[in-house]
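Everything on this sheet refers to the single structure shown next.
Everything quoted here is computed from the prediction, not taken from an experiment.
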Amino acid sequence: MSRLSSAAVLIVLLAVALLESDLLSWLRVSLLDALLLPAPPTLSRFDRECSRLAGPVGAEDGVLLDGDPPVVLMGELDALSHEFTTADVHGASASTIPPGRIWALEMTAQPRLTPLEVPLPAGATTMHLHGLGLHGDVLFAVNHAFGSGGERIERWRVSRPTAKDGADAGTAGHPVALSALPPVTAALFRDVPGEPGERATLTSKLNAAINDIAPVSPTEWYMTQFVDEPASHEGAAAGLLPDRIAAKLLLPRLRRSRLWHCYCDGGLEPHRDGPATCRETACTAVGRRGVVWNGVAYRPVRPRSPARGGLGGRLYVSDIFRRVVVEYDVLGSGASARLEERRSLLAPHLIDNLHLEPAGGALWAGAVGYSSAHFWRPLAALLANASAAHAAARAASRPSPRPHTLLRPEEGGPPTPPMPSGALRFDLATDEAKVVGMQGRHLAGVSFSIPVGDRLVMGSPFDDGVLVCPRVEP
């Protein structure tokens with residue numbers, strides 16, 4: 001083969017490699033990890049003035065309920081037991097841990113945290129709540145109920161009870177009352193818009209795979225899929241390993257994480273306790289595939305003319321390990337809705353759930369990992385500790401500790417090893433991402449951040465409690 005032919009072959013191979021790879025994403029993330037590998041800086045004000053309120057185990061997501069006082073609603077996931085541990089090796093899994101609850105954080109002068117009385121709909125006997133979404137007075141929640149109800153989208157009507165309501169319902173002192181609405185447990189799935197699709201349960205199609213949810217109406221929403229295939233209740237996130245993440249960063253053809261649009265595909269049925277429900281729900285895969293899609297947020301755009309295919313809203317979706325938020329225009333609604341990608345917002349850290357400021361000018365994110373090493377190494381250490389503690393407990397014929405209790409060797413002490421994380425704010429006018437605060441002494445891994453007045457509320461998928469901090473300028 002001549003030198004000219006060899007050069008041509010090499011050029012073709014390089015061109016194919018460039019076309020088949022996302023080299024820029026891989027290089028960007030690799031460079032960020034190299035730069036962030038030293039210990040992260042600590043904001044002294046966060047260290048001094050943040051307060052951790054114990055209670056919810058794995059408050060992975062939250063929503064803000066306006067009013068006087070404002071209330072942040074949170075679910076319990078316990079992602080350590082739900083996603084990373086197994087009963088045989090670590091003594092805990094989603095099938096062995098207690099059911100989660102929904103908590104209300106009243107943002108008064110002295111914030112108050114209260115577990116709510118939550119009626120479970122028919123067919124579910126447990127809750128492991130991942131993402132939450134709020135549309136008007138309808139609360140949405142992703143529930144990984146596994147053998148106690150399967151994969152589900154739960155809905156409740158939210159109200160603020162009067163004194164008489166509390167006395168009648170046995171919920172005196174609770175700031176919020178929830179009444180169950182029909183859940184969604186099955187849908188007509190379309191992997192490509194316009195195809196006939198197949199009817200399937202959420203359990204068979206997406207068991208343990210749905211992450212977050214962003215409602216558009218009481219019967220329409222977008223949701224993210226963060227693991228590639230339906231998973232069991234034993235180590236659901238086992239596929240999220242650093243080497244596999246690196247391969248997906250480099251090679252888009254390996255990406256399987258999807259964004260789903262769900263809507264009514266039939267008529268509506270009235271419901272006595274709230275808005276009508278769909279007779280048939282359809283879910284269509286939309287947008288590009290992600291490395292690991294995670295948080296999702298939606299805001300309507302006025303004037304709205306979705307019935308004619310006009311701009312109805314904007315959708316924001318985070319890819320946690322690619323460290324990017326993709327913004328879409330939402331054109332139309334229901335079966336005719338389509339997405340047009342507008343821009344990508346780059347983040348320096350691993351980003352989880354997303355929350356829009358009410359005015360729509362900024363997007364807040366939980367920076368769940370300062371770098372890849374600061375995310376994976378503490379998890380690996382914790383899993384090793386959980387395995388050793390389970391073996392010791394079994395030898396002594398005593399119950400194994402829940403993994404999250406091993407985060408702090410000393411009661412009330414900081415997580416060890418630390419899992420530095422915090423809050424990011426994206427300015428939607430300038431595309432700029434700014435770090436509002438990083439901490440490592442209070443919570444292990446911050447998955448959401450919600451501004452409430454002059455304060456900031458943050459939760460963790462792994463840790464016990466919620467963090468209330470002063471809202472500082474980035």
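- Within 6.0 Å of atom CD in Glu410, 12 or fewer heavy atoms from other residues, nucleotides or ligands are found, so the atom counts as exposed in its surroundings.
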Next item on the list: Could you give me the CA-CA distance, side-chain angles and deciding distance for Val29 and Leu31, then say whether side chain to side chain contact (heavy atoms under 4.5 Å, CB included) is met?
Entry: CA-CA 5 Å; Val29 169; Leu31 180 60; over 6 Å; no
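- Aromatic rings of Phe189 and Trp260 (six-membered ring for Trp) have centroids within the 6.0 Å cut-off, being under it.
- Between Glu340 and Arg338, at least one side-chain nitrogen of the basic residue sits less than 4.0 Å from a carboxylate oxygen of the acidic one, meeting the salt-bridge criterion.
- Of the inter-residue distances, the one linking Phe426 atom CZ with Glu432 atom CD reads 11.0 Å to the nearest 0.5 angstrom.
- Between the side chain of Arg28 and the backbone N or O of Arg322, at least one donor-acceptor pair lies under 3.5 Å.
- A donor-acceptor pair shorter than 3.5 Å cannot be found between the side chains of His128 and Glu76.
- When ring centroids are compared, His82 and Phe462 stay outside the 6.0 Å threshold.
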Next item on the list: Show your working on side chain to side chain contact (heavy atoms under 4.5 Å, CB included) between Trp364 and Leu456 and close with a plain yes or no.
Entry: CA-CA 10 Å; Trp364 289 76; Leu456 191 62; 3.6 Å; yes
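- Distance check, rounded to the nearest 0.5 Å: CG of Leu32 to OG of Ser30 gives 9.0 Å.
- Between the side chain of Thr85 and the backbone N or O of Ala92, at least one donor-acceptor pair lies under 3.5 Å.
- For Arg343, the CZ atom is densely surrounded, since the number of other residues' heavy atoms within 6.0 Å is greater than 12.
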Item checked: Full working for side chain to side chain contact (heavy atoms under 4.5 Å, CB included) between Val326 and Glu341 -> CA-CA 7 Å; Val326 179; Glu341 189 171 322; 3.7 Å; yes
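- Between the side chains of Ser93 and Ser95, at least one donor N or O lies within less than 3.5 Å of an accepting N or O.
- In this structure a side-chain-to-backbone donor-acceptor pair under 3.5 Å is present from Asp319 to Val291.
- When atom types are taken as modelled, the side chain of Arg52 and the backbone of Val468 share no donor-acceptor pair closer than 3.5 angstrom.
- Side-chain contact between Val330 and His261 is absent, with no heavy atoms from C-beta onward closer than 4.5 Å.
- Closest approach of Leu116 and Leu178 over heavy atoms only: CD1-CD1, 4.2 Å.
- Checked by atom type and distance alone, the side chain of Thr126 never pairs as donor or acceptor with a backbone atom of Ser148 at under 3.5 Å.
- Checked by atom type and distance alone, the side chain of Arg441 never pairs as donor or acceptor with a backbone atom of Pro418 at under 3.5 Å.
- In this structure, CZ on Arg471 lies 12.0 Å from CD1 on Ile450, to the nearest 0.5 angstrom.
- Here the closest non-hydrogen pair linking Leu105 and Pro111 is CD1-CB, 3.9 Å.
- By the 4.0 Å N-to-carboxylate-O rule, Arg299 lies too far from Glu327 to be salt-bridged with it.
- Taking the six-membered ring where tryptophan is involved, the planes of His374 and Tyr370 are perpendicular, since the angle between them exceeds 60° and thus also 30°.
- Side chain to side chain, Thr281 and Arg199 fail the donor-acceptor criterion of an N or O pair below 3.5 Å.
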Note to self: If you apply the rule side chain to side chain donor-acceptor pair (under 3.5 Å), what do you find for Thr224 with Asp212, and how did you get there?
What the structure shows: CA-CA 5 Å; Thr224 53; Asp212 199 10; 5.6 Å; no
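- Other residues, nucleotides and ligands contribute more than 12 heavy atoms inside 6.0 Å of the CH2 atom of Trp376.
- Using a 4.0 Å cut-off between charged side-chain N and carboxylate O, Glu151 and Lys205 make no salt bridge.
- Annotation: the span from Leu129 atom CG to Arg152 atom CZ amounts to 11.0 Å, rounded to 0.5 Å.
- Residue Arg342 places its CZ atom among more than 12 non-hydrogen atoms of other residues, nucleotides or ligands, all under 6.0 Å distant.
- Distance check: Thr185 OG1 to Ile153 CD1 gives 10.0 Å after rounding to the nearest 0.5 Å.
- Summarising the geometry of Ala297 relative to Leu356, their closest heavy-atom pair is CB-CD1, 4.2 Å, with the distance given to 0.1 Å.
- The neighbour count for Leu24 CG, taken as heavy atoms of other residues, nucleotides or ligands under 6.0 Å away, does not exceed 12.
- Under a 3.5 Å cut-off, the side chain of Ser460 and the backbone N or O of Gly445 do form a donor-acceptor pair.
- Using a 4.0 Å cut-off between charged nitrogen and carboxylate oxygen, Arg408 and Asp463 count as a salt-bridge pair.
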Next item on the list: Any chance you could lay out the salt bridge (Lys or Arg N to Asp or Glu O under 4.0 Å) test for Asp22 and Arg255, step after step, and finish with the verdict?
Entry: CA-CA 11 Å; Asp22 186 359; Arg255 298 173 187 175; 3.0 Å; yes
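- The residue from Val368, Leu132, Asn211 that alone fulfils the side-chain contact (heavy atoms from CB on, under 4.5 Å) condition with Glu60 is Asn211.
- Here Asp329 pairs with Arg314 in a salt bridge; the nearest charged N to carboxylate O distance falls below 4.0 Å.
- For His135 and Tyr298, the ring centers are positioned 6.0 Å apart or more.
- A heavy-atom distance below 4.5 Å is found between the side chains of Leu350 and Arg323.
- When only modelled atom types and interatomic distance are considered, Asn294 and Ser318 share no side-chain donor-acceptor pair under 3.5 Å.
- In this structure, the side chain of Asn207 engages the main chain of Ala231 through a donor-acceptor pair within 3.5 Å.
- Nearest heavy-atom pair, Leu443 versus Gly465, reported as atom, atom and distance to 0.1 Å: CD2-O, 4.0 Å.
- Atom CG of residue Asp191 and atom CD of residue Glu198 lie 7.5 Å apart, to the nearest 0.5 angstrom.
- Heavy atoms of other residues, nucleotides or ligands lying less than 6.0 angstrom from CD of Glu229 number 12 at most.
- Using a 4.5 Å cut-off on side-chain heavy atoms (C-beta onward), Gln225 and Ile210 make no contact.
- Remark: the backbone N or O of Phe448 is not paired with any side-chain donor or acceptor of Asp352 at under 3.5 angstrom.
- Residue pairs meeting the salt bridge (charged side-chain N to carboxylate O under 4.0 Å, His left out) criterion with at least one member in residues 90-100: none, sequence neighbours excluded.
- Not less than 6.0 angstrom separates the ring centroid of Tyr222 from the ring centroid of Trp293.
- Side chain to side chain, Ser217 and Tyr263 fail the donor-acceptor criterion of an N or O pair below 3.5 Å.
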Could you list the donor-acceptor pairs under 3.5 angstrom formed between side-chain atoms of residues 397-407 and any protein atom two or more places apart in sequence or on another chain?
unit_1: Ser400; atom_1: OG; unit_2: His390; atom_2: ND1; d: 2.6
unit_1: Arg402; atom_1: NH2; unit_2: Asp78; atom_2: OD2; d: 2.7
unit_1: Thr405; atom_1: OG1; unit_2: Arg402; atom_2: O; d: 2.6

Next item on the list: Take Val436 and Leu424, measure what side chain to side chain contact (heavy atoms under 4.5 Å, CB included) needs, and give me the verdict at the end.
Entry: CA-CA 5 Å; Val436 178; Leu424 289 178; over 6 Å; no
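- Panel note: side chain Ser204, backbone Thr201; a donor-acceptor pair is recorded below 3.5 Å.
- Under the 3.5 Å distance criterion, with hydrogens and angles disregarded, a donor-acceptor pair is assigned to the side chains of Asp61 and His355.
- Using a cut-off of 4.0 Å between Lys/Arg side-chain N and Asp/Glu carboxylate O, Lys248 and Asp243 are scored as not salt-bridged.
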